[in-house]
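Single-structure report; data block below.
FYI, the numbering just counts along the sequence from 1.
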Amino acid sequence: MADAKVIPFDDDRSRGSGTGAQRPGRRRGASGRRAGSGSGGGELGEVQRLPARGPEPDEPVERPGSGASGGLEQRVAAGLAFLRRRLTGEYEVDDFGYDAELTDQVLMSLLRPVYEKYFRVDVKGIENIPDKGGALIVANHSGTLPLDGLMMQVAVHDRHPAGRHLRLLAADLVFVLPVVNELARKLGHTLACAEDAERLLEQGELVGVMPEGFKGIGKPFGERYKLQRFGRGGFVSTALRQGVPIVPCSIVGAEEIYPMIGNAKTLARLLGFPYFPLTPTFPWLGPLGAVPLPTKWAIQFGEPIPTDGYPPEAAEDPMLMFNLTDQVREQIQHTLYKLLVQRRSVFF
């Protein structure tokens with residue numbers, strides 16, 4: 001496998017050049033055949049949304065077929081109808097490959113037990129995410145494997161009163177791995193480049209980004225909860241261009257799921273990975289060592305930072321981008337320290 005390469009978030013090479021990981025611009029209609037993505041590929045296809053109710057405080061959104069609503073016959077009928085649509089191709093994906101129905105009914109159902117029972121995630125500040133319109137959620141990144149992004153996605157999907165979907169931006173390594181590539185697309189992930197982020201924000205989507213990238217997720221255990229560099233502020237420039245708020249997000253608990261005590265750099269280069277982690281259990285215990293530790297998580301969404309009051313040329317102002325990037329980073333770091341002080345135990 002070729003060496004993994006992370007495309008900087010503020011890298012505009014993809015604009016008009018057609019380079020980088022390609023996204024499948026496709027939809028499935030009643031015949032199951034792929035349809036064109038429209039003129040210029042600038043619009044996302046219609047995705048059938050499932051109804052959702054607003055949750056009570058600290059109560060997840062109840063999805064059709066996922067709770068006690070309706071009888072057994074209704075759930076069986078809904079499941080059979082879902083299978084029929086899958087087999088006949090009567091479902092839709094957008095130009096990025098996002099499959100809303102599969103995400104709601106299958107993928108979220110698989111992630112939810114990990115979120116609720118294994119990591120027992122506490123969520124705070126969900127009201128800081130707008131009910132509609134575009135917004136950029138910026139979070140810290142850690143844990144050796146990117147489970148923090150998935151748990152943040154479940155938190156937004158299940159806890160937000162509007163049942164919103166979070167579209168995560170991922171490194172290009174995700175889109176060259178078999179199986180992982182297809183699942184990431186179905187979940188709504190896309191390449192971490194400014195072009196894709198701006199298209200999603202323009203469509204009124206929630207977009208999630210973790211600017212630390214591999215520097216954050218692959219840092220040693222001794223540097224846990226110390227934020228790494230946030231790049232050159234590309235996410236701020238994107239938010240300024242679209243005039244959307246930036247919502248800082250702090251995640252505690254992910255740092256301890258795979259305590260990284262070493263890095264086999266030679267093996268990482270041979271495999272084409274940015275790092276090859278050595279933990280107290282992996283690779284010494286084989287596949288069992290790949291099971292994450294059941295830590296107790298907390299996710300807090302901070303006060304949004306508005307960007308719609310700046311003029312259009314502000315997106316090209318390096319000093320403004322530096323100041324806003326530093327403001328977001330400091331807010332996330334401060335909240336991390338606060339959550340760590342409040343935490344009773346790593347596991348409880």
Is a donor on one side and an acceptor on the other found under 3.5 Å between the side chain of W284 and the backbone of L278?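 Side chain of W284 to backbone of L278, a donor-acceptor pair under 3.5 Å: no, none is there.
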Give a yes or no answer on whether the side chain of N128 reaches the backbone of P304 with a donor-acceptor pair at less than 3.5 Å. no
Please identify which of these residues, K219, K226, R224, meets the side-chain hydrogen bond (donor to acceptor under 3.5 Å, both in side chains) condition with E255.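 For E255, the side-chain hydrogen bond (donor to acceptor under 3.5 Å, both in side chains) check succeeds only for K219.
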Where do L339 and S250 land on the side chain to side chain contact (heavy atoms under 4.5 Å, CB included) test, with the steps shown first? CA-CA 9 Å; L339 291 174; S250 301; 4.2 Å; yes
Regarding R343 and E256, does a basic nitrogen lie under 4.0 Å from an acidic carboxylate oxygen? yes
Before you tell me yes or no, could you show the steps for F230 and D326 under side chain to side chain contact (heavy atoms under 4.5 Å, CB included), namely the whole-Å CA-CA distance, both residues' side-chain angles and the distance that decides it to 0.1 Å? CA-CA 8 Å; F230 268 24; D326 192 56; over 6 Å; no
Tell me yes or no: between the side chains of Q153 and H189, is some donor less than 3.5 Å from an acceptor?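 Yes - a donor-acceptor pair under 3.5 Å links their side chains.
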Under a plain distance cut-off of 3.5 Å, with no hydrogens placed, do S237 and R241 share a side-chain donor-acceptor pair? yes
Tell me the closest heavy-atom pair linking Y98 and D94, and the distance in Å. N-OD1, 3.0 Å
Which pair of non-hydrogen atoms, one from V244 and one from L136, has the smallest distance, and what is that distance? CG2-N, 4.3 Å
Tell me, yes or no, whether the heavy-atom count around [X] atom [atom1], taken from other residues, nucleotides or ligands under 6.0 Å, exceeds 12.
{"X": "E73", "atom1": "CD", "value": "no"}
{"X": "F322", "atom1": "CZ", "value": "no"}
{"X": "R84", "atom1": "CZ", "value": "yes"}

I'd like to check L240 versus L320 (side-chain heavy atoms, cut-off strictly below 4.5 Å). Are they in contact? yes
Check each of I305, I332, V247 against V138 using the side-chain contact (heavy atoms from CB on, under 4.5 Å) test, and report the only one that passes.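 Running side-chain contact (heavy atoms from CB on, under 4.5 Å) over I305, I332, V247 with V138 returns exactly one hit, I332.
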Between D122 and R159, does a salt bridge (charged side-chain N to carboxylate O under 4.0 Å, His left out) hold up when you go through it step by step? CA-CA 10 Å; D122 287 333; R159 299 292 183 177; over 6 Å; no
Do L110 and F119 sit in one hydrophobic cluster, given that two such residues count as connected whenever their side-chain heavy atoms are within less than 4.5 Å of each other, even indirectly?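 Linked, L110 and F119 end up in one cluster.
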Apply the test side chain to side chain contact (heavy atoms under 4.5 Å, CB included) to residues H157 and Y115: give CA-CA distance (whole Å), side-chain angles for both, the deciding distance (0.1 Å), then the verdict. CA-CA 12 Å; H157 181 272; Y115 170 90; over 6 Å; no
Salt bridge (charged side-chain N to carboxylate O under 4.0 Å, His left out), that's the test. Do E101 and R86 meet it? Break it down for me. CA-CA 10 Å; E101 184 183 51; R86 292 285 125 182; 3.2 Å; yes
Pi-cation contact, F175 with R185 (under 6.0 Å, within 45°): yes
Any cation-pi pair here, R85 with F82, using under 6.0 Å and within 45°?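 No - R85 does not lie over the ring of F82 by the 6.0 Å and 45° rule.
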Working to the nearest 0.5 angstrom, can you tell me the gap between R167 CZ and F96 CZ?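 Between R167 CZ and F96 CZ, I get 6.5 Å after rounding to 0.5 Å.
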Any idea how F214 and Y275 line up, ring-wise: parallel (<30°), tilted (30 to 60°), or perpendicular (>60°)?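 The arrangement is perpendicular - the two ring planes meet at more than 60°.
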F235 vs T325, side chain to side chain contact (heavy atoms under 4.5 Å, CB included): CA-CA, chis, key distance, verdict: CA-CA 8 Å; F235 69 91; T325 300; 4.1 Å; yes
